[in-house]
2 protein chains.
Amino acid sequence: MQTAQGIHQASKLRDFGLRPTRQRLALAKLLFGEQPRHVTAEQLHREAECAGIKVSLATVYNTLHQFTQSGLMREVVVESGRIYFDTNTAPHHHFYHLETGQLLDIPSGHLAIAEIPPPPPGTDIDGVEVIIRITDKKSK
Amino acid sequence: MQTAQGIHQASKLRDFGLRPTRQRLALAKLLFGEQPRHVTAEQLHREAECAGIKVSLATVYNTLHQFTQSGLMREVVVESGRIYFDTNTAPHHHFYHLETGQLLDIPSGHLAIAEIPPPPPGTDIDGVEVIIRITDKKSK
DNA sequence: GTGTTTGCAAAGTGTTTGCAATTTA
DNA sequence: TAAATTGCAAACACTTTGCAAACAC
């Protein structure tokens, strides 16, 4: 099971042009499970530590960027001074919980943009990102 | 003219509960002209310097935050590690030029969200933000 | 072996803060 | 004069980088 997953992740990394090193494999195992995940570098680093994996924070940063460059992940910006990395690379949007800092996928089909405006002359659209900021319901 | 604008800004500041100090007045004059503006603290600081206004960067930061808290401006996050302040507080969305870092309003009516998804249980929607990232048209 | 990757510690970036000096009402 | 505001420099959080040691193929 663990081995099977390891092999699976290793070939996945190779397919994306990345050497399956011990650290990259371990992080990939944490990241690419069943559920899509949204992590910051610090979070993933802490998680790896708890799982007994020896990785430096710098390597976590490097790895997340490499994964992003290779198309395994994508960045999401919701707050200045913090980068979230999302394992779901399909086009979709997010809820961002202002109090917990949690990022949640908006189920596809639940958000529809009726009309995308034409980009300014001489420019092309690179991507459309919708962030819905949420807070805990205030009892009144 | 200059005086008129000064008086205008002064009463505006007072209306929003802020003492019209020399620095705040000068920054308000730069910010609240005809056009809506999108600035970072550094940009505004540089601009003030060029205009011969003596303000420290810390005060520019403080002032922008005070303006935001009082409802004169609003923050826009498009990039980790940089905060944009927008003089347009009405609900609207943005183009963000990845190469120049320029932020542009999307004319209202040009973008329509057909359906806003229900927020997760126990939460309320605080705001919806759409960012359309653009790049210079690639000649082919 | 050779080139890639890692980890550390240092440097970098944009932002915030503590506090004495200054300004405002 | 009392309270608010400013400016400086130091502190901050997060991220990136340089480079020698370790690793993958």
Side-chain angles (χ1 to χ4, degrees), chain A residues 6-7 9-28 30 38-49 52-70 72-73 75-85 101 103, chain B residues 6-7 9-28 30 38-49 52-70 72-73 75-86 96 101 103:
Chain A
I7 289 169
Q9 302 294 357
S11 53
K12 180 170 183 170
L13 290 182
R14 263 193 225 94
D15 289 351
F16 280 81
L18 296 167
R19 278 196 191 175
T21 66
R22 185 170 51 74
Q23 289 84 338
R24 295 216 267 240
L25 274 172
L27 296 177
L30 290 177
H38 307 92
V39 297
T40 64
E42 299 263 12
Q43 276 168 19
L44 186 59
H45 183 234
R46 217 174 305 130
E47 198 177 321
E49 245 174 12
I53 300 160
K54 277 205 57 187
V55 214
S56 73
L57 182 56
T59 297
V60 173
Y61 272 106
N62 289 338
T63 303
L64 286 171
H65 282 130
Q66 289 152 359
F67 284 3
T68 300
Q69 281 177 2
S70 344
L72 281 162
M73 303 186 77
E75 285 183 23
V76 185
V77 178
V78 281
E79 216 183 30
S80 106
R82 178 167 298 151
I83 303 178
Y84 282 82
F85 293 86
L103 206 57
Chain B
I7 290 168
Q9 302 295 357
S11 52
K12 180 170 184 171
L13 290 183
R14 262 192 227 95
D15 289 351
F16 280 81
L18 296 168
R19 281 195 189 177
T21 65
R22 186 170 51 72
Q23 289 85 338
R24 295 214 266 240
L25 274 171
L27 295 178
L30 290 178
H38 306 91
V39 297
T40 65
E42 298 264 10
Q43 276 167 20
L44 185 59
H45 183 234
R46 217 174 305 129
E47 198 176 321
E49 243 174 15
I53 301 160
K54 276 205 60 187
V55 213
S56 73
L57 181 56
T59 297
V60 173
Y61 272 107
N62 289 338
T63 303
L64 286 171
H65 282 131
Q66 289 152 359
F67 285 4
T68 300
Q69 281 176 1
S70 346
L72 281 162
M73 303 187 77
E75 285 184 23
V76 185
V77 177
V78 281
E79 216 182 31
S80 107
R82 178 168 295 151
I83 303 178
Y84 282 83
F85 294 86
D86 187 349
Y96 178 61
L103 206 56

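Each chain gets a letter, A, B and so on, in the order its sequence line appears, and its residues count up from 1.
Considering only heavy atoms from C-beta on, Arg14(B) comes within 4.5 Å of Pro20(B) through its side chain. Two residues are said to be in side-chain contact when any heavy atoms from C-beta on lie closer than 4.5 Å; Val76(B) and Leu103(B) meet this criterion.
Checked against side chain to side chain donor-acceptor pair (under 3.5 Å), Arg82(A) has the following partners two or more places apart in sequence or in another chain: Glu79(A). In this view, Ser56(A) and Thr59(A) satisfy the side chain to side chain donor-acceptor pair (under 3.5 Å) rule, not counting sequence neighbours. Judged as a side-chain contact (heavy atoms from CB on, under 4.5 Å), and not counting sequence neighbours, the contacts of Gln66(A) are Leu18(A), Arg24(A), Asn62(A), Thr63(A).
Contact record, Ala41(B) with Leu57(B): O-CD1, 4.1 Å, taken as the closest heavy-atom pair.
Distance, Gln66(B) CD to dT17(C) C1': 14 Å, rounded to whole Å. Residue Phe16(A) contributes atom CZ, which lies 16 Å from atom P of dT5(C) at whole-angstrom precision. When the C1' atom of dT16(C) is taken as reference, atom CD of Gln69(B) falls 13 Å away, rounded to whole Å. Protein atom CG of Leu27(A) is 12 Å distant from nucleotide atom C1' of dT6(C), rounded to whole Å. Between Leu44(B) atom CG and dG14(C) atom P the separation is 16 Å, expressed in whole Å. Between Leu25(A) atom CG and dC23(D) atom P there is a gap of 15 Å when expressed in whole angstrom units. Rounded to an integer number of Å, the gap from CG of Leu18(A) to C1' of dC25(D) is 15 Å. In this structure, Arg46(B) places its CZ atom 12 Å from C1' of dG14(C), rounding to the nearest Å.
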Would you sketch DNA chain D in dot-bracket for me? Only Watson-Crick or G-U wobble pairs with both distances under 3.5 Å count, crossing pairs as [ ], other-strand pairs as |, the rest as dots.
-> ||||||||||||||.||||||||||
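The phosphate of dT6(D) (OP1 or OP2) has no side-chain N or O of Thr59(B) nearer than 4.0 angstrom.
With values rounded to the nearest 0.5 angstrom, Glu75(B) atom CD is found 11.0 Å from Asp86(B) atom CG. To the nearest 0.5 Å, atom NZ of residue Lys12(B) and atom CZ of residue Phe67(B) are 9.0 Å apart. If you take CD on Glu42(A) and OH on Tyr61(A), they are separated by 5.0 Å, rounding to the nearest 0.5 Å.
Applying ring-ring contact (aromatic ring centres under 6.0 Å, His included) to Phe85(A) and the options His38(A), His65(A), His45(A) leaves one that passes, His65(A). Checking each of Leu44(B), Leu72(B), Leu27(B), Thr40(B) against Leu64(B) for a side-chain contact (heavy atoms from CB on, under 4.5 Å) leaves exactly one that passes, namely Leu44(B).
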Using a cutoff of under 3.5 Å, can you pull out all pairs of nitrogen or oxygen atoms linking the protein to nucleotides 18-25 of chain C, with atom names and distances?
unit_1: dT24(C); atom_1: O2; unit_2: Arg19(B); atom_2: NH1; d: 3.2

Every protein N/O within reach of nucleotides 11-15 of chain D N/O, cut-off under 3.5 Å:
unit_1: dC14(D); atom_1: OP1; unit_2: Arg82(A); atom_2: NH2; d: 2.7
unit_1: dC14(D); atom_1: O3'; unit_2: Gly81(A); atom_2: O; d: 3.2
unit_1: dT15(D); atom_1: OP1; unit_2: Ile83(A); atom_2: N; d: 2.6
unit_1: dT15(D); atom_1: OP2; unit_2: Tyr61(A); atom_2: OH; d: 2.1
unit_1: dT15(D); atom_1: O5'; unit_2: Tyr61(A); atom_2: OH; d: 3.0

